[in-house]
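Accompanying notes for the structure given below.
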Amino acid sequence: DAGVTQSPTHLIKTRGQHVTLRCSPISGHKSVSWYQQVLGQGPQFIFQYYEKEERGRGNFPDRFSARQFPNYSSELNVNALLLGDSALYLCASSHNPGRANTEAFFGQGTRLTVV
Amino acid sequence: AQRVTQPEKLLSVFKGAPVELKCNYSYSGSPELFWYVQYSRQRLQLLLRHISRESIKGFTADLNKGETSFHLKKPFAQEEDSAMYYCALRGNNAGNMLTFGGGTRLMVKP
């Protein structure tokens, strides 16, 4: 199993553009979460999806959106990019986030640079 | 609101010295606490969780509800322990999201 895979690994965008980041969870995992990690800080929660439904949303503007597909893969979309959106975007998958002791497995992340 | 604080950005010790990475949290209910580690050029991975009460790679962490702390300890640091360490909390809210601290970089010198 390749683990959680994210694409692309690196991306450079211009202010005002939009971006789509992709994540494939570990086989059998039905939950995907997205985190933003700004340089020098810990990851910050953006969204969680379980069984294709949004289960949680962090304190991010409406420019950020996501969805989960029937195969449990996920996309994170960011519109009207700002310089401050430059960060490492992490995807994590797990079996059932509602159960105690559920481990989240992280991907390598997508490094987004907005210029 | 839930919050995790790691007061030290950088902790530098010599090989064989004891290590304690501090983590304090704020949460009104009964949280789950975790330590994640990120070695150079590798992905973030779970080191240990308070529910399991286990020792991984010689590291232990005890949840102190009175002090709202979950400090990570190791009696004798090794060079291969050098990494970024993140303390994280998961509450029992609907999203079950992880709230991370800012991280502590541990450097173990030979």
Side-chain angles (χ1 to χ4, degrees), chain A residues 1-6 9-10 23-26 29-51 53-60 66 68 87-111, chain B residues 1-10 21-27 29-54 56 63 70 72 83-105:
Chain A
D1 192 341
V4 178
T5 57
Q6 293 185 241
T9 55
H10 296 83
C23 172
S24 293
I26 291 172
H29 286 188
K30 298 180 178 180
S31 177
V32 168
S33 297
W34 287 95
Y35 292 82
Q36 181 195 63
Q37 187 174 19
V38 173
L39 195 62
Q41 299 181 18
Q44 187 174 358
F45 174 75
I46 310 175
F47 285 110
Q48 183 185 76
Y49 278 78
Y50 177 63
E51 289 280 21
E53 292 188 2
E54 182 183 300
R55 290 298 186 92
R57 172 185 285 254
N59 188 24
F60 280 80
Q68 188 176 32
L88 180 67
Y89 288 84
L90 296 170
C91 173
S93 78
S94 60
H95 279 290
N96 180 348
R99 287 187 180 174
N101 214 23
T102 297
E103 181 176 349
F105 293 82
F106 284 82
Q108 288 276 29
T110 294
R111 172 73 61 188
Chain B
Q2 51 197 63
R3 178 179 293 178
V4 177
T5 303
Q6 294 179 249
E8 303 138 328
K9 284 283 188 183
L10 173 66
L21 285 78
K22 292 183 167 52
C23 171
N24 290 92
Y25 68 89
S26 173
Y27 186 70
S30 294
E32 292 180 71
L33 273 297
F34 305 84
W35 276 99
Y36 279 81
V37 61
Q38 188 168 28
Y39 301 102
S40 180
R41 297 186 179 85
Q42 295 187 27
R43 62 187 65 193
L44 197 60
Q45 57 187 281
L46 179 66
L47 179 62
L48 54 77
R49 65 196 98 183
H50 90 271
I51 288 180
S52 302
R53 301 185 65 82
E54 56 201 345
I56 302 293
L63 179 60
F70 187 56
L72 183 68
M84 279 296 297
Y85 291 81
Y86 295 96
C87 181
L89 174 157
R90 179 162 63 205
N92 49 11
N93 56 345
N96 282 287
M97 65 184 189
L98 287 169
T99 297
F100 286 86
T104 297
R105 177 169 297 283

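Residue numbers begin at 1 in each chain, while the letters A, B, ... track the order of the sequences.
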Is it the backbone or the side chain of R41(B) that comes under 4.5 Å from a heavy atom of chain A, or both, or neither?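 Backbone only.
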Contacting region of Q42(B) [heavy-atom separation from chain A under 4.5 Å]: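 Just the backbone, heavy atoms under 4.5 Å.
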Apply side-chain contact (heavy atoms from CB on, under 4.5 Å) to S26(B) and list each qualifying residue two or more places apart in sequence or on a separate chain.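 S26(B) satisfies side-chain contact (heavy atoms from CB on, under 4.5 Å) with R3(B) once adjacent residues are dropped.
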Rounded to the nearest 0.5 Å, how far apart are [atom1] of [X] and [atom2] of [Y]?
{"X": "L98(B)", "Y": "L90(A)", "atom1": "CG", "atom2": "CG", "value": "11.5 Å"}
{"X": "F106(A)", "Y": "L46(B)", "atom1": "CZ", "atom2": "CG", "value": "9.5 Å"}
{"X": "M97(B)", "Y": "Y35(A)", "atom1": "CE", "atom2": "OH", "value": "8.0 Å"}
{"X": "Q38(B)", "Y": "Q37(A)", "atom1": "CD", "atom2": "CD", "value": "6.0 Å"}

If you look at every heavy atom in Y36(B) and A104(A), which pair is closest and at what distance?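 Where Y36(B) meets A104(A) most closely, the heavy atoms are OH-O, 3.5 Å.
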Would you indicate whether L10(B), at its atom CG, is surrounded by more than 12 heavy atoms from other residues, nucleotides or ligands within a distance under 6.0 Å?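 It does: L10(B) CG has more than 12 such atoms within range.
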Under 4.5 Å heavy-atom distance to chain B, tell me which part of Q108(A) shows up: side chain, backbone, both or neither.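 Both backbone and side chain.
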Portion of A92(A) that has a non-hydrogen atom of chain B nearer than 4.5 angstrom: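 The answer is neither part of A92(A).
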Between R43(B) (side chain) and G3(A) (backbone), is there a donor-acceptor pair under 3.5 Å?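 Answer holds: no.
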